[in-house]
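In what follows, a single structure is set out as structure tokens and then discussed.
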2 protein chains.
Amino acid sequence: MEGHLKPGDRVPERQLCETFGISRTPLREALKVLASEGLIDLLPNRGARVRKFTEKDVRDSFELLASLEAAAGRLACARISEAEVAEIERLHYDMYGHYMRRELPEYLKLNQAIHAAIVAASNNQALQAAHRSLTARMRQFRYSASTIKRDRWGQAMREHEQMIDALRRRDGRELGDILFEHLLNKLQAAYEAMRAQEAAEVPEVT
Amino acid sequence: MEGHLKPGDRVPERQLCETFGISRTPLREALKVLASEGLIDLLPNRGARVRKFTEKDVRDSFELLASLEAAAGRLACARISEAEVAEIERLHYDMYGHYMRRELPEYLKLNQAIHAAIVAASNNQALQAAHRSLTARMRQFRYSASTIKRDRWGQAMREHEQMIDALRRRDGRELGDILFEHLLNKLQAAYEAMRAQEAAEVPEVT
DNA sequence: GTGAAGAATTTTGCATTCATTTTCTGTCGG
DNA sequence: CCGACAGAAAATGAATGCAAAATTCTTCAC
């Protein structure tokens with residue numbers, strides 16, 4: 001809800017109870033779920049902490065995301081309807097417009113919608129659930145990537161063009177490969193964002 | 001713990017509390033986690049039920065498993081050490097022995113170990129966690145597949161041979177493809193097992 | 001005998017309470 | 001002045017209590 005919680009911070013139950021206006025019992029249930037989904041760490045007798053992601057965690061997450069979307073793209077090409085392709089094309093053209101006008105928030109929103117649409121077109125609930133769970137976990141360092149560099153933006157746009165092309169041709173293998181590369185290409189940006197975040201966060205210890 | 005719970009059954013909290021010797025509070029926390037991991041359904045005010053898997057759920061799960069292991073295989077080939085390959089080869093030869101002697105339980109155990117080892121060799125914690133979570137969910141209809149048919153068994157063994165070959169050559173794309181096909185080939189067996197389970201389960205309605 | 005309406009029982013969801021562990025604080029000794 | 005120790009305060013983990021919802025059972029009308 002209030003996104004400004006730094007990784008590693010203690011999260012006292014009492015305070016959260018007041019914030020949300022509920023008692024400790026349902027709150028603890030929710031915390032257990034968040035812990036099982038990897039969003040927080042839950043140390044025995046020592047409370048909940050916002051999970052601290054290492055660089056390897058970030059890389060692993062992006063690799064998994066890339067793998068999931070690649071699989072989704074491959075499956076989608078075998079099953080997607082003409083109407084669904086048309087809808088994704090529409091999203092793509094809208095996004096292109098925002099790209100040309102340099103409207104980053106709107107661009108990012110459509111970007112996300114396109115990826116979600118491809119995953120949905122895989123028509124695989126298990127895959128979709130795994131994707132949702134992962135993107136929820138990744139939101140921390142994904143949103144940081146809003147500070148996209150202009151050259152990277154152009155590259156991403158070109159990759160999206162290729163994706164639409166492969167999707168039109170129902171070339172599942174190619175779409176999967178492009179999606180995989182496309183998402184791994186975001187790693188560098190995410191690394192930089194995370195390093196910036198770390199620098200702004202703990203200016204204490206040497 | 002006691003595996004003989006039929007899908008769709010009501011599971012009263014009170015009863016589970018007695019079974020496990022704990023109070024309702026920690027039990028409910030555990031149930032919430034199980035629900036978030038997709039192992040049970042948790043209906044509001046109506047308690048927990050063992051999740052009922054449809055045929056599509058089974059298909060989706062196998063597709064996701066195939067996608068995850070394919071990705072793992074591809075990543076593994078790029079990173080795996082000579083020692084890890086040797087270890088997997090050892091598991092493979094042991095499994096082959098059990099195959100020749102028609103020792104199904106030992107075969108299945110090593111089969112699982114090989115797949116786990118490939119996932120581990122991907123050196124990707126996020127992927128490994130997703131794989132663990134999915135296999136936990138799939139245990140219901142995976143174990144049913146112990147009634148493997150002899151011809152399918154031979155085919156599976158040949159596929160494993162190809163996997164080891166691709167792994168030796170560090171051909172990630174081929175290993176990924178083989179793993180994907182290999183796991184999808186289990187679908188038919190799982191379907192049959194599930195149908196048998198359903199038939200033995202509800203002989204009531206028409 | 002069948003079906004429905006309503007009361008009694010059970011069960012869930014949440015709040016509160018209690019015991020144990022951890023953390024903070026203040027004091028004392030070096 | 002710094003660190004260790006002891007007690008106080010707070011936080012966590014779990015049990016219990018209570019209100020609301022659901023399920024079951026009883027009763028009655030047809």
Side-chain angles (χ1 to χ4, degrees), chain A residues 1-54 57 125 129 132-133 136-137 139-140 198 200-206, chain B residues 1-54 57 125 129 132-133 136-137 140 198 201-206:
Chain A
M1 312 306 167
E2 340 190 349
H4 40 73
L5 289 179
K6 294 163 217 77
D9 274 7
R10 283 201 66 177
V11 186
E13 292 180 2
R14 199 70 170 173
Q15 182 182 316
L16 290 175
C17 289
E18 291 171 11
T19 308
F20 293 105
I22 56 174
S23 150
R24 278 183 59 218
T25 307
L27 181 89
R28 296 183 93 263
E29 290 173 356
L31 288 180
K32 285 264 183 187
V33 171
L34 291 182
S36 87
E37 293 183 350
L39 284 154
I40 60 174
D41 289 328
L42 215 49
L43 298 95
N45 287 314
R46 310 181 89 213
R49 285 161 190 277
V50 178
R51 174 151 178 212
K52 179 87 174 244
F53 288 95
T54 65
D57 287 329
Q125 289 300 118
R132 254 199 309 276
S133 166
R137 245 186 310 166
R139 223 172 34 186
Q140 282 183 49
E198 269 177 3
E201 177 189 316
V202 241
E204 28 189 302
V205 216
T206 315
Chain B
M1 312 309 166
E2 340 190 350
H4 40 73
L5 290 179
K6 295 164 217 75
D9 275 8
R10 280 201 70 185
V11 185
E13 292 180 1
R14 199 69 168 172
Q15 183 182 314
L16 289 176
C17 289
E18 291 170 13
T19 308
F20 293 105
I22 56 173
S23 150
R24 279 184 57 219
T25 306
L27 181 91
R28 296 184 93 261
E29 289 172 356
L31 288 180
K32 285 264 181 181
V33 171
L34 291 182
S36 87
E37 293 183 351
L39 285 155
I40 60 174
D41 288 329
L42 214 49
L43 298 96
N45 287 315
R46 308 182 86 214
R49 284 160 191 277
V50 179
R51 175 153 178 210
K52 179 86 172 241
F53 288 95
T54 65
D57 287 328
Q125 288 300 117
R132 254 199 309 274
S133 166
R137 245 186 310 168
Q140 280 183 50
E198 269 176 3
E201 178 189 317
V202 240
E204 29 189 302
V205 218
T206 318

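For the numbers below, each heavy atom of this structure counts, side chains included, while hydrogens, waters and symmetry mates do not. Predicted, not measured: the structure shown is a model, and the values here were computed from it. Naming: A, B, ... by sequence-line order, numbering from 1 per chain.
- A salt bridge does not link B/Asp57 to B/Lys52: none of the charged nitrogens lies less than 4.0 Å from a carboxylate oxygen.
- Listed here is the closest heavy atom pair of B/Ser36 and A/Ser36: OG-OG, 3.2 Å.
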(request) For each nucleotide in nucleotides 10-23 of chain D, reading 5' to 3', give B when a protein heavy atom comes within less than 4.0 Å of its base, S when such contact involves only the sugar-phosphate, and - otherwise. (result) -SBBBBBB---SSS

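- A salt bridge links B/Glu29 to A/Arg28: at least one charged side-chain nitrogen sits closer than 4.0 Å to a carboxylate oxygen.
- Side chains of A/Leu42 and A/Lys32 form a contact here, defined as non-hydrogen atoms less than 4.5 Å apart.
- When the local axes at the two ends of the helix from C/dG1-D/dC30 to C/dG30-D/dC1 are compared, using 5 base pairs at each end, they differ in direction by 10° after rounding to 10°.
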(message) Apply side chain to side chain contact (heavy atoms under 4.5 Å, CB included) to residues B/Ile40 and B/Leu31 and explain how you reach the verdict.
(response) CA-CA 8 Å; B/Ile40 60 174; B/Leu31 288 180; 3.7 Å; yes

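- Within the 4.5 Å cutoff, no side-chain heavy atoms of A/Leu39 are placed close to those of A/Arg51.
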(request) For the pair B/Glu13 and B/Leu27, evaluate side chain to side chain contact (heavy atoms under 4.5 Å, CB included) and give the outcome as yes or no after the intermediate values. (result) CA-CA 8 Å; B/Glu13 292 180 1; B/Leu27 181 91; 4.0 Å; yes

